Amino acid sequence: MKMIFLVDGDNNIGTGLQGIDLLTAEDTVLVFFGKGQTLANVKKLCAGTQAQVQYLESVKGGKNSLDFQIITELGVLVGRGEADFAYVISQDKGYEAAMSALHARYASTFREVALRPSIQDCLQAAFLLRAGTRQELAAALARQYGPVQGQLAYEHLEDLFAPSPVQEAAEPSPAPENKAAAKPRKRRSRAAAKPAEADEPAAPAQSAPQDAEEPAGTAEPAAPAARSRRSGASRRRKRAERSKAEKA
């Protein structure tokens, strides 16, 4: 989240630069100062920051010349789409009219453009938004509220956003998805079974000629059995005739 700060050097700049040490390398600070103004003390206040600091001297001297230059620079940033978060740092309420005009006409080009008395007043939520891990969030809360209150605040947030057992139980189980996935397989199995059922009646039709041939095949052994009975009777008759002839 890149932030731009336009600091009015003519209006209590010591208060305005409070919180500059909390900025990151993504941030930019534009310090506007009047013609002939010394910057030794201002540079000392900016020495401990990681932000990019630029010092812009007023083009012309005179009353309100620095204010007009700040509003002009802010308008250029808004027009270029470079002022996603831009703040005029001053205790001069005269900037409010210009801020209202920007909000009325160009509100869709930025997320926040506002007038603040100090840089620190612009960072109420920034330290939360810049935290990328739990450790960074805990450190930011400790820096903002102190080690004790910051730790308590972190633990409270962790309890609030931790999933409760009721929520975990309410989560859908993968079983219904498996059942839904199994339904098409059942329909496919029925469809695959239909051709098999249609083939079963055809099986007896193919085997019918074989069944018709089997009686004919089994009739052939019956003829020798009949001949064997007749030959046995004739032999008995012949033996009876021979026995009668011998007795005679």
Side-chain angles (χ1 to χ4, degrees), residues 1-132 136 139-141 143-146:
M1 184 179 70
K2 182 179 180 180
M3 307 174 74
I4 301 176
F5 303 89
L6 295 85
V7 182
D8 184 355
D10 283 346
N11 193 280
N12 201 355
I13 191 171
T15 301
L17 291 176
Q18 289 179 358
I20 194 172
D21 57 315
L22 302 175
L23 301 181
T24 67
E26 295 180 345
D27 304 321
T28 301
V29 178
L30 305 178
V31 179
F32 294 83
F33 62 97
K35 263 191 172 303
Q37 182 179 352
T38 58
L39 297 178
N41 293 333
V42 175
K43 290 183 177 181
K44 287 181 181 179
L45 295 173
C46 301
T49 185
Q50 298 180 8
Q52 304 175 37
V53 182
Q54 301 178 27
Y55 301 96
L56 304 176
E57 186 179 11
S58 177
V59 176
K60 287 187 176 182
K63 186 178 180 181
N64 297 329
S65 63
L66 199 61
D67 300 350
F68 294 140
Q69 188 169 338
I70 291 173
I71 290 300
T72 301
E73 186 71 23
L74 179 60
V76 172
L77 293 173
V78 170
R80 291 177 178 175
E82 300 176 5
D84 197 21
F85 291 88
Y87 304 95
V88 173
I89 306 301
S90 177
Q91 297 182 14
D92 187 352
K93 301 298 182 181
Y95 291 101
E96 292 180 350
M99 296 294 174
S100 299
L102 289 174
H103 280 277
R105 186 168 177 82
Y106 301 106
S108 61
T109 64
F110 54 81
R111 297 187 65 180
E112 185 177 30
V113 170
L115 174 65
R116 295 284 188 270
S118 69
I119 292 176
Q120 189 171 0
D121 291 326
C122 305
L123 304 177
Q124 297 300 319
F127 72 98
L128 291 174
L129 299 176
R130 289 175 172 176
E136 291 178 359
L141 289 169
R143 184 171 60 250
Q144 183 72 16
Y145 302 111

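The figures that follow rest on heavy atoms only: side chains count, while hydrogens, waters and symmetry mates do not. On a predicted model such as this, the values are computed, not experimentally measured, just so you know.
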Original post:
With sequence neighbours excluded, what pairs up with T24 under the side-chain hydrogen bond (donor to acceptor under 3.5 Å, both in side chains) test?
Top reply: D27
**OP:** Any pair with a residue in residues 78-92 that passes salt bridge (charged side-chain N to carboxylate O under 4.0 Å, His left out), sequence neighbours left out, goes on the list, sorted by first then second residue, please.
**Re:** none
Subject >> Point-to-point distance, once rounded to the nearest 0.5 Å, from CD1 of I13 to OG of S118 >> reply: 12.5 Å
Original post:
How would you list all residue pairs meeting side-chain hydrogen bond (donor to acceptor under 3.5 Å, both in side chains) that involve residues 11-20, not counting sequence neighbours?
Top reply: N12-T15
Subject >> Exercise: identify the closest heavy-atom pair between A86 and L74 >> reply: CB-CD1, 3.8 Å
Original post:
Can you list every salt bridge (charged side-chain N to carboxylate O under 4.0 Å, His left out) pair that touches residues 93-109, not counting sequence neighbours?
Top reply: none
**OP:** For residues Q54 and V29, determine if any side-chain heavy atom of one lies less than 4.5 Å from a side-chain heavy atom of the other.
**Re:** no
Original post:
How far apart are the closest heavy atoms of D10 and G34, and which atoms are they?
Top reply: OD1-N, 4.0 Å
Original post:
With a 4.5 Å heavy-atom cut-off, do F32 and E73 have their side chains touching?
Top reply: yes
**OP:** Evaluate side chain to side chain contact (heavy atoms under 4.5 Å, CB included) for Q91 paired with D8, printing each intermediate quantity in order.
**Re:** CA-CA 9 Å; Q91 297 182 14; D8 184 355; over 6 Å; no
Original post:
Just one of T72, T28, T109, I4 clears the side-chain contact (heavy atoms from CB on, under 4.5 Å) bar with L77, so which one?
Top reply: I4
Subject >> Within residues 29-52 or reaching into it, pairs that qualify as side-chain hydrogen bond (donor to acceptor under 3.5 Å, both in side chains) - sequence neighbours excluded >> reply: none
**OP:** For residues V59 and S65, determine if any side-chain heavy atom of one lies less than 4.5 Å from a side-chain heavy atom of the other.
**Re:** no
Original post:
Do F68 and L66 have side-chain heavy atoms sitting under 4.5 Å apart?
Top reply: no
Original post:
Roughly how far, to the nearest 0.5 Å, is the SG atom of C122 from the CZ atom of F5?
Top reply: 5.0 Å
Original post:
Mind checking whether V42 and L17 have side chains closer than 4.5 Å, heavy atoms only?
Top reply: yes
Subject >> With E112 via side-chain hydrogen bond (donor to acceptor under 3.5 Å, both in side chains) - residues at least two apart >> reply: Y87, R116
Original post:
Under 4.5 Å between any side-chain heavy atoms of F33 and L56, yes or no?
Top reply: no
Original post:
Hey, does the side chain of H103 reach the backbone of A98 with a donor-acceptor pair shorter than 3.5 angstrom?
Top reply: no
**OP:** Taking all heavy atoms of K2 and all of E26, pick out the closest pair and write down the distance.
**Re:** CG-O, 3.1 Å
Original post:
When you look at CZ of F85, are more than 12 heavy atoms from neighbouring residues, nucleotides or ligands closer to it than 6.0 Å?
Top reply: yes
Subject >> Nearest atoms (heavy-atom pairs only) where A83 meets F110 >> reply: O-CB, 2.9 Å
Original post:
Could you give the distance from CG (L23) to CD (Q120), rounded to the nearest 0.5 Å?
Top reply: 10.5 Å
Original post:
Can you name the nearest heavy-atom pair linking L115 to S90, along with the distance?
Top reply: CD1-O, 3.6 Å
Subject >> Check: I89 and L6 side chains under 4.5 Å, non-hydrogen atoms >> reply: no
Subject >> Non-hydrogen atoms of I20 and L45 that approach each other most closely >> reply: CG2-O, 3.5 Å
Original post:
Do the side chains of D67 and Y95 get nearer than 4.5 Å, heavy atoms only?
Top reply: yes
